Amino acid sequence: MMEGSFNPKGIEQTLYQEWEAAGHFVPQGNGPGYCIVIPPPNITGSLHMGHAFNQTLMDTLIRYQRMNGRRALWQMGTDHAGIATQMVVERQLQMEGIDRLELGRDKFVDKVWEWRNESGGTISRQIRRMGSSLDWSRDRFTMDEGFIRAVTEVFVRLHEEGLIYRGTRLVNWDPSMQSAISDLEVENHEEQGHMWHFRYPLTSGLTADGRDHIVIATTRPETLLGDTAVAVHPDDERYADLIGRTLRLPLVGREIPIIADTYVDPAFGSGCVKITPAHDFNDYAVGQRHGLPMVNILTPDAHINNNAPEAFRGLERYAARKAVVTAMTELGLVERIDNHKLMVPRGDRSGAVIEPFLTDQWFMKMESLAKPAIEAVESGAIEFIPKLFENTYFAWMRNIQDWTISRQQWWGHRIPAWYDASGKAYVGRSESEVRNKHGLAADIALTPDPDVLDTWFSSALWTFGTLGWPEDTPELRLYHPTDVLVTGHDIIFFWVARMIMMTLHFTHEVPFRKVYIHGLVRDALGNKMSKTKGNGLDPLDFIDGIDLETLVEKRTSNLTQPQLAPRIAKSTRDDFPAGIDAYGTDAMRFTFCAMATLGRDVRFDVKRIEGYRNFCNKLWNAARFVLQNTEGHVPQTTDTPSLADRWIRSRTRAMIEANKLALDTYRFDLLANSIYDFAWHEYCDWYLEITKPLLWNESTPAAELSTLRTTLLQVLEVLLRAAHPIMPFITETIWREVAPRLGKPSGTVMLQNYPLIDELKDDPEATRAIEWLKGIVLGIRNIRGEANIKPSLAVNLLLQSGDANDRELAAACEPLVKRLAKVDQIEWLADGQSAPANALAVVGTLKVMVPLAGLIDLGAEKDRLRKEIERLKGEVQRISNKLSNEKFVANAPADVVDKERAKAADASGKLATLETQLRSL
RNA sequence: GGGUGUUUAGCUCAGUUGGGAGAGCGACGGCCUUACAAGCCGUAGGUCGCAGGUUCGACCCCUGCAACACCCACCA
């Protein structure tokens with residue numbers, strides 16, 4: 001027997017193990033394929049709220065399609081996450097006092113594999129706790145054997161096609177990692193800095209206004225050491241006569257030219273720009289145009305190198321900045337220093353300030369790859385949901401830059417290139433292939449490229465790579481293109497766009513037909529969750545609960561900035577004074593679905609999950625009620641449904657219809673609302689209450705009772721199937737109790753059909769009847785509530801006026817009205833017959849009266865009437881204004897006008913009745 | 001600098017061809033009514049950011065403005 005309140009702890013893990021052991025997550029049957037690939041979680045640690053959100057949506061879709069009979073594959077896998085993982089393992093080793101460089105590459109990579117085996121297990125356990133029905137038997141890793149093969153193949157082919165090339169370029173250089181990174185991995189943030197105005201002396205002569213120097217402005221004084229020119233705008237009259245003359249670069253002594261270039265904005269600063277081609281992207285371009293020498297003044301770890309004057313050599317870049325400013329000050333060459341806000345580029349992983357740095361790297365040409373990828377979205381072959389994100393996609397794709405794909409790191413896919421003694425690069429699937437292809441004898445030494453590829457290079461192959469490419473597999477034919485990609489808007493460029501380009505290029509198919517883009521999970525205040533801020537939350541803590549001290553400990557340990565610990569501890573104590581309750585997986589999943597509004601970030605509020613935990617409990621107890629009242633029930637073939645049975649079946653059908661629409665349009669919020677509203681406010685609030693007097697009345701006819709019990713079970717059973725994709729555990733648990741009573745074969749709800757609307761009949765007549773009943777009951781309840789009549793006290797009821805329909809329904813629903821509104825006697829008054837003093841509700845034209853008889857305070861009742869009269873007056877006024885507007889009557893559709901007329905009649909009828917009533921009191 | 005989004009009840013958010021402003025939570029009042037106090041019943045609360053325009057009619061369509069958020073970008 002089911003316990004009195006819902007306790008998720010007991011059921012979830014057992015059920016998941018059962019499902020997995022039974023192989024339910026493996027696609028089966030002969031239905032059409034349906035496939036979603038998981039955005040592979042990084043192996044850097046543990047699952048966060050974003051993963052939980054992401055997976056809830058995917059699992060809902062997968063479970064829905066599986067129930068629809070599709071051969072549904074949810075492809076599992078994890079990402080090696082090159083830089084992120086290397087940093088984590090490096091930090092771990094550091095804490096053990098081990099230096100990466102001392103350890104050496106091979107041993108370090110071994111350590112990372114150890115880490116990945118450990119971390120992978122943690123992630124798998126966490127994902128299982130979310131209830132995610134992934135096919136674990138097909139689990140993949142972006143650096144498994146198959147992926148190494150696929151990555152190599154792709155690299156070699158792109159190189160053969162000339163789309164991958166090696167070159168010396170100015171790239172984004174992360175001095176802390178000493179590696180190149182791509183444009184996307186650089187985050188620009190505004191920071192407070194300074195603008196230094198320096199005087200650069202002319203080698204000879206004077207300026208037009210009689211000075212012997214010009215003034216340049218810079219935010220990076222240390223780059224002065226690498227200046228090879230100063231540029232002015234060609235049309236700038238102030239400097240026209242200086243173009244072609246030279247300056248003496250202070251501190252360095254180099255003679256540098258004054259050049260003219262339209263890049264310079266004459267209105268900004270002095271109109272003179274120092275040009276440092278080796279350390280600034282713009283200056284690089286200017287240098288190229290003017291054939292300027294490039295003087296690199298930095299070492300890979302951002303210290304001043306030997307190309308600079310001796311005094312500055314070996315200084316760290318910010319020390320060098322100070323030294324340059326000091327030296328310039330001493331020379332009297334500082335005009336002034338202003339405060340200045342500037343955009344500072346930082347590495348998204350390391351947080352280090354990025355240097356434009358001249359190095360040899362591998363690049364991918366993107367323009368030709370982007371073209372078909374743009375067309376795929378334009379043509380609708382791929383559809384973004386919400387559509388809005390297509391603009392984001394187009395904007396980036398139409399202005400795409402070449403992709404720096406090599407990383408000076410150890411963890412990742414090795415670049416399949418080898419170098420001979422002269423430094424010439426050979427690309428091939430293996431060293432022997434390279435030797436054969438280029439006729440390189442065995443005695444010619446080849447050195448493998450030490451670098452690895454950007455992590456996103458392999459991620460881009462995810463859909464077809466996981467399905468077996470480059471082999472031609474049955475899975476590729478059945479599941480590719482995949483049906484939908486579900487991911488956050490933060491990786492549209494990193495991942496989605498590159499997947500589209502690579503997949504189209506190599507398979508001539510789109511990777512997926514739809515891309516559902518969801519928002520980011522933020523904390524209750526709308527802040528982005530992060531470990532550094534200490535506002536991150538672990539989904540498992542909402543599932544299992546966590547006490548305050550453990551939570552504080554968890555949030556403040558292993559911080560990259562330990563000094564923040566006290567503040568984080570305090571805010572944690574403020575936000576979760578009693579820790580976090582155990583809400584269970586279903587409540588968490590329901591919360592995510594309910595909050596998945598298109599295109600919006602979600603603020604995760606404990607109040608919401610609490611509400612949905614309560615909903616779980618509601619469902620649980622409704623099931624208990626049904627089970628208690630259907631003990632030993634055997635459904636009969638003859639079905640004689642009452643009005644209420646017909647009504648709830650009809651409403652169930654409407655819910656199913658709404659659910660399907662919601663699921664087909666990826667409106668998880670509407671799906672959740674549809675289920676919640678139906679289950680709580682129709683099935684529980686009304687239908688279960690309606691059944692009580694019938695179930696407990698010995699005079700209820702056997703056939704009617706039997707049908708009632710069948711309906712109780714049937715609707716619950718349909719509801720469980722309908723809700724299963726969102727809340728798998730509770731629905732499975734209850735379903736196993738309920739289904740046998742309907743004669744359904746035992747088993748699992750997850751392999752049942754998703755409800756079809758044809759299982760239930762639409763019944764407008766019954767709907768009207770129950771709406772009538774609700775009107776009567778709500779009217780009486782309003783009177784009772786306003787008059788403060790104790791719920792335990794029964795009232796009598798007088799009915800008057802109304803039509804034949806009212807009399808018929810009143811007779812049919814008498815026991816229901818009595819039960820639902822706690823009414824003792826019901827009596828009809830003839831038209832015109834005077835009634836005792838009473839509180840009045842009007843339903844249609846029917847007068848529903850509760851005799852005052854000492855129960856109700858006359859003054860309070862008058863107030864209640866006046867309030868209702870005011871409301872009705874307003875309504876009548878509004879509608880009559882509308883109807884007296886000839887243009888409205890002439891232009892509005894006939895049905896709208898009719899509707900307004902009916903409303904006016906109803907409202908003014910009620911109004912008249914209530915006004916009469918008020919006078920009579 | 002360019003672009004996108006958001007602005008609806010105290011809070012978080014729905015509002016699907018323009019035609020009666022909704023939910024959850026919170027607030028207030030009343031209830032241990034034999035599924036559920038994680039519950040039940042009732043009530044209050046909104047000039048739909050601001051200003052115009054189109055229309056018989058605008059939360060919805062158009063224009064402008066404001067605030068906030070995010071994305072992209074090379075201004076020294």
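By convention in this document, chain letters (A, B, ...) are assigned in the order of the sequence lines, proteins followed by strands, and residues within each chain are numbered from 1. Keep in mind that this is a model prediction, so the values were computed, not measured.
Using bins of under 30°, 30° to 60° and over 60° for the plane-to-plane angle, the ring pair A/Tyr583/A/Phe542 lands in the parallel bin. The aromatic rings of A/Phe678 and A/Tyr683 lie parallel to each other, their planes meeting at an angle below 30°, with 60° marking the opposite boundary.
Not less than 6.0 angstrom separates the ring centroid of A/Phe384 from the ring centroid of A/Phe389.
As judged by a 4.0 angstrom heavy-atom cut-off over every strand, A/Tyr612 is placed among residues making no nucleic acid contact. Contacts of A/His279 with the nucleic acid, taken as non-hydrogen atoms under 4.0 Å apart, are absent. When heavy atoms are screened at a 4.0 angstrom cut-off, A/Arg784 is found touching no nucleic acid atom at all. Among the atoms of the strands shown, only primed sugar atoms or phosphate atoms (P, OP1, OP2) are found under 4.0 Å from some heavy atom of A/Arg781. Note on A/Trp680: only backbone sugar-phosphate atoms sit closer than 4.0 angstrom, heavy atoms only; bases stay farther off. Contact annotation for A/Ile780: no contact, since no heavy-atom pair falls under 4.0 Å across all strands.
Ranking B/rC13, B/rU12, B/rG5 by closeness to the A/Arg608 side chain, first place goes to B/rU12.
A salt bridge is defined here as a Lys NZ or Arg NE, NH1 or NH2 lying under 4.0 Å from an Asp or Glu carboxylate O, and A/Lys867 with A/Asp863 fails to meet this definition. Between A/Arg866 and A/Glu870, no side-chain nitrogen of the basic residue sits less than 4.0 Å from a carboxylate oxygen of the acidic one, so the salt-bridge criterion is not met.
Comparing B/rG15 with B/rG20, their C1' atoms are spaced 14 Å from each other, to the whole Å. One C1' atom belongs to B/rU55, the other to B/rC61, and the distance between them is 10 Å to the nearest Å. Nucleotides B/rA66 and B/rU54 are separated by 23 Å at their P atoms, to the nearest Å. Taking the C1' atom of each, B/rC62 and B/rG22 are spaced 27 Å apart, rounded to whole Å.
B/rA14 atom P lies 14 Å from atom CG of A/Asp605, rounded to whole Å. In this structure, A/Arg613 atom CZ and B/rA38 atom P are separated by 8 Å, rounded to whole Å. Computed from coordinates, the A/Asp669 CG to B/rU16 P distance equals 12 Å when rounded to whole Å. A/Leu820 places its CG atom 14 Å from the P atom of B/rC40, with the value rounded to the nearest Å.
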N/O-N/O pairs, protein side and nucleotides 17-22 of chain B side, under 3.5 Å:
residue : atom : partner  : partner atom : Å
B/rG20  : O2'  : A/Arg878 : NH2          : 3.3

What pairs of nitrogen or oxygen atoms, one from the protein and one from nucleotides 43-48 of chain B, lie under 3.5 Å apart?
residue : atom : partner  : partner atom : Å
B/rU43  : OP1  : A/Asn782 : ND2          : 2.9

Run the ring-ring contact (aromatic ring centres under 6.0 Å, His included) check on A/Phe604 and A/Phe592 step by step: do they pass?
-> CA-CA 8 Å; A/Phe604 198 89; A/Phe592 279 129; 5.4 Å; yes
Decide yes or no on side chain to side chain contact (heavy atoms under 4.5 Å, CB included) for A/Lys692 and A/Leu820, but give the supporting numbers first.
-> CA-CA 9 Å; A/Lys692 285 176 182 176; A/Leu820 296 171; over 6 Å; no
Take A/Tyr393 and A/Phe493 through the ring-ring contact (aromatic ring centres under 6.0 Å, His included) test and state the conclusion after the steps.
-> CA-CA 7 Å; A/Tyr393 172 81; A/Phe493 306 146; 8.3 Å; no
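Side-chain atoms of A/His194 and A/Asn339 include a donor-acceptor pair closer than 3.5 Å.
At distances below 3.5 Å, not a single donor-acceptor pair connects side-chain atoms of A/Tyr612 with backbone N or O atoms of A/Asp586. Between the side chain of A/Asn629 and the backbone N or O of A/Phe625, at least one donor-acceptor pair lies under 3.5 Å. A donor-acceptor contact shorter than 3.5 Å is absent between the side chain of A/Ser674 and the backbone of A/Leu670. Judged by distance alone, with hydrogens and angles left aside, the side-chain atoms of A/Arg238 form a donor-acceptor pair with the main-chain N or O of A/Pro266 at under 3.5 Å.
When each of A/Glu191, A/Glu185, A/Glu355 is checked for a salt bridge (Lys or Arg N to Asp or Glu O under 4.0 Å) with A/Arg346, only A/Glu191 meets the rule.
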Once base and sugar-phosphate atoms are separated, protein heavy atoms under 4.0 Å mark nucleotides 70-76 of chain B, 5' to 3', with B, S and - as --SBBBB
Which nucleotides of nucleotides 26-35 of chain B have their base under 4.0 Å from a protein heavy atom (B), which only their sugar-phosphate (S), and which neither (-), written as one string 5' to 3'?
-> ---SSS---B
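Looking at which nucleotide of RNA chain B each of A/Gly599 and A/Asn885 is closest to, the 5′-most match is held by A/Gly599.
Surrounding CD of A/Glu886 are at most 12 heavy atoms belonging to other residues, nucleotides or ligands under 6.0 Å away.
Counting heavy atoms from C-beta outward, A/Tyr239 and A/Ile258 have side chains that stay 4.5 Å or more apart.
Residue pairs meeting the salt bridge (charged side-chain N to carboxylate O under 4.0 Å, His left out) criterion with at least one member in residues 657-682 of chain A, sequence neighbours excluded: A/Arg651-A/Glu682, A/Arg667-A/Asp669.
Among the duplex regions that RNA chain B forms, those built from at least three successive Watson-Crick or G-U pairs under 3.5 Å are B:1-7 with B:66-72, B:10-13 with B:22-25, B:27-31 with B:39-43, B:49-53 with B:61-65, ordered by first number.
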